[in-house]
Amino acid sequence: MADKATVHITVNGQPHTSEVEPRLLLVHYLREHLGLTGTHVGCDTSQCGACTVHLDGQAVKSCTVFAVQADGSSVTTIEGIGAMGHLHPVQEGFWEMHGLQCGFCTPGMIMAAADLLNHNPNPSEEEIRHGLEGNYCRCTGYHNIVRAVQYAADKMSGKKSVGAAADD
Amino acid sequence: MYTAEFDYKKASSLQDALSLLQQHPDAKLLAGGHSLIPAMKLRLAAPSLLIDISKVPELRGVRMEGNTLIIGAATTYHELETNDLVRKAAPLLTEVIPHIGDPMVRHRGTIGGSLSHADPAADLPAAMLALGAQMKIQGRSGSRVVDADQFFQGMFSTALGEGEILTEIHIPALSGRQAYEKFPHPASRYAVVGVAVVAGPEGVRAAVTGAGEHALRLSRLEQALAGKPLNAETIAAACQNLLSAEGLNHDLVASAEYRAHLVDVLAKRALLRLV
């Protein structure tokens, strides 16, 4: 059996030191070792984006990164991007604009959309659709997801002064 | 899906990576991992050791040397698509890279990884051929430079030998007006066919990906346009039967004949953008 490796990974601001098999995928590290099950395994083939997290500030598909590759890095998951009562504007947008139906793709959608807005705070509809090309929704369709991202962009740029609508 | 077991080592330098590769001939290099990890999950690859070269300083970054754009092989797509030197010296790359995968894939995937993998439907190989790029390859005994025309040798097969590492990609800066036209696979977004064209002072260089076992130059097109001005008439006359369907790729999405047709159509569209 392959030797285990020691990794130091900061997840949602909290440092962790863990012994992992080199073949452990980051998504399984998050879900099974740390119990952070908000990050989903969808297709497990780098296509659907349900497993999207931020690795050192960039959206990545955590089913296609080994935990050992994240040694020394910071990871943000859906659990760390906002909190009840203090939702991230993208989370609030999905709530307000009904950007989901079953919700399975939602954590990945939100992480990808937050990354998109970090790079491009005022995206056109086309840029939002292109930017979410790596995230599949198999029930709602994408219209309300695009509206949710537009809502978040407006909120973050101060164009929309919406109260804490999604508190409970 | 779990991969087969493997050991993992981080290379601290190019020399370190080369000696690890020599000690472990069955090892694989890991940079972004976006071709290798999916293959390992499907158990199409089961290396005993992964040598992580993603942080090797000699393999990273973009710089100009004289009139040559030099790209470290472990530079990510995202770094390239947002890089101003690339935009100025090789705008074709800035155009081609957003066609690859999606933002998450581009945050991890690297130019050298893609070129070494040599997927017959990848976008970059066509761009490398049209730009007249060269690949710098390092082995234990020294380095050599290989023209893109000699680098791609077959399906998933390149000029890289055992124990060698692709270290840099050298691209002549702004060799002419540039364009890429692609017919994406409806599900995977890989190129069913993609055509890259560069129109410079010495004429047109054109290359296609997705059509054959590996990316290749469209020499019939280049010859048909040699010494002619680029306009709607010369382009329409040149973009006919550029490749014979015989031997081209065929699958559920596109027959070999349809691929041959797409080559003509996409070459014409790309060239018309340069007029």
Side-chain angles (χ1 to χ4, degrees), chain A residues 1-7 20-28 41 43-73 108-109 111-116 118-120 123 127-136, chain B residues 1-11 24 27-55 74 76-79 81-82 97-110 113 184-190:
Chain A
M1 185 168 157
D3 290 339
K4 287 202 171 185
T6 305
V7 293
V20 299
E21 265 193 87
R23 65 173 169 168
L24 181 71
L25 295 166
L26 180 59
V27 67
H28 294 310
V41 181
C43 68
D44 206 2
T45 57
S46 332
Q47 311 275 333
C48 81
C51 64
T52 301
V53 300
H54 294 179
L55 178 62
D56 291 328
Q58 288 188 323
V60 303
K61 292 180 168 174
S62 62
C63 79
T64 313
V65 179
F66 293 117
V68 286
Q69 293 176 279
D71 181 31
S73 294
M109 284 284 178
M111 298 311 286
D115 179 80
L116 166 69
N118 283 341
H119 291 116
N120 182 358
E127 286 170 332
I128 294 171
R129 290 183 184 274
H130 186 56
L132 295 179
E133 212 165 39
N135 295 81
Y136 298 174
Chain B
M1 287 181 284
Y2 272 80
T3 70
E5 289 181 357
F6 59 86
D7 286 312
Y8 171 87
K9 288 189 198 305
K10 260 182 226 179
H24 305 275
K28 282 270 188 194
L29 300 171
L30 175 70
H34 271 53
S35 299
L36 180 57
I37 296 174
M40 289 174 69
K41 286 164 84 174
L42 295 171
R43 309 273 172 138
L44 297 172
S48 62
L49 171 69
L50 286 187
I51 304 167
D52 189 339
I53 54 169
S54 61
K55 301 285 186 326
T76 65
Y77 297 129
H78 176 74
E79 287 163 334
E81 72 178 312
T82 53
I97 288 172
H99 286 278
I100 300 169
D102 55 57
M104 286 82 89
V105 169
R106 296 197 292 275
H107 283 147
R108 299 292 296 171
T110 66
H185 185 285
S188 75
R189 317 308 285 175
Y190 270 89

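Here is how names work: the chains are called A, B, and so on, in the same order as the sequence lines, proteins then strands, and each is numbered from 1.
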Exercise. Do you know which of A:M111, A:Q47, A:E133, A:Q58 has the most heavy-atom pairs with chain B at a distance under 4.5 angstrom?
Worked result: A:Q58
Problem set entry | Nearest atoms (heavy-atom pairs only) where A:A59 meets A:T52 | CB-CG2, 3.8 Å
Problem set entry | Side-chain donor/acceptor of B:K28 to backbone N/O of B:A45, under 3.5 Å | no
Exercise. Has the side chain of A:S73 got a donor or acceptor atom that lies under 3.5 Å from a matching backbone atom of A:D56?
Worked result: no
Exercise. Can you list the steps and then say if B:L50 with B:L36 is a side chain to side chain contact (heavy atoms under 4.5 Å, CB included)?
Worked result: CA-CA 10 Å; B:L50 286 187; B:L36 180 57; 3.7 Å; yes
Exercise. Side chain, backbone, both or neither: which part of B:L42 has a non-hydrogen atom closer than 4.5 Å to chain A?
Worked result: neither
For this session: Take atom OH of B:Y190 as the centre, draw a 6.0 Å sphere, and report whether it contains more than 12 heavy atoms from other residues, nucleotides or ligands.
Result: no
Exercise. Given a strict heavy-atom distance threshold of 4.5 Å, which part of B:L30 is in contact with chain A: side chain, backbone, both, or neither?
Worked result: side chain
Problem set entry | Side chain, backbone, both or neither of A:D71 within contact of chain B (heavy atoms, under 4.5 Å) | both
For this session: Side chain from CB out, backbone as N, CA, C, O: work out which of these in A:L55 comes under 4.5 Å of a heavy atom of chain B, or both, or neither.
Result: side chain
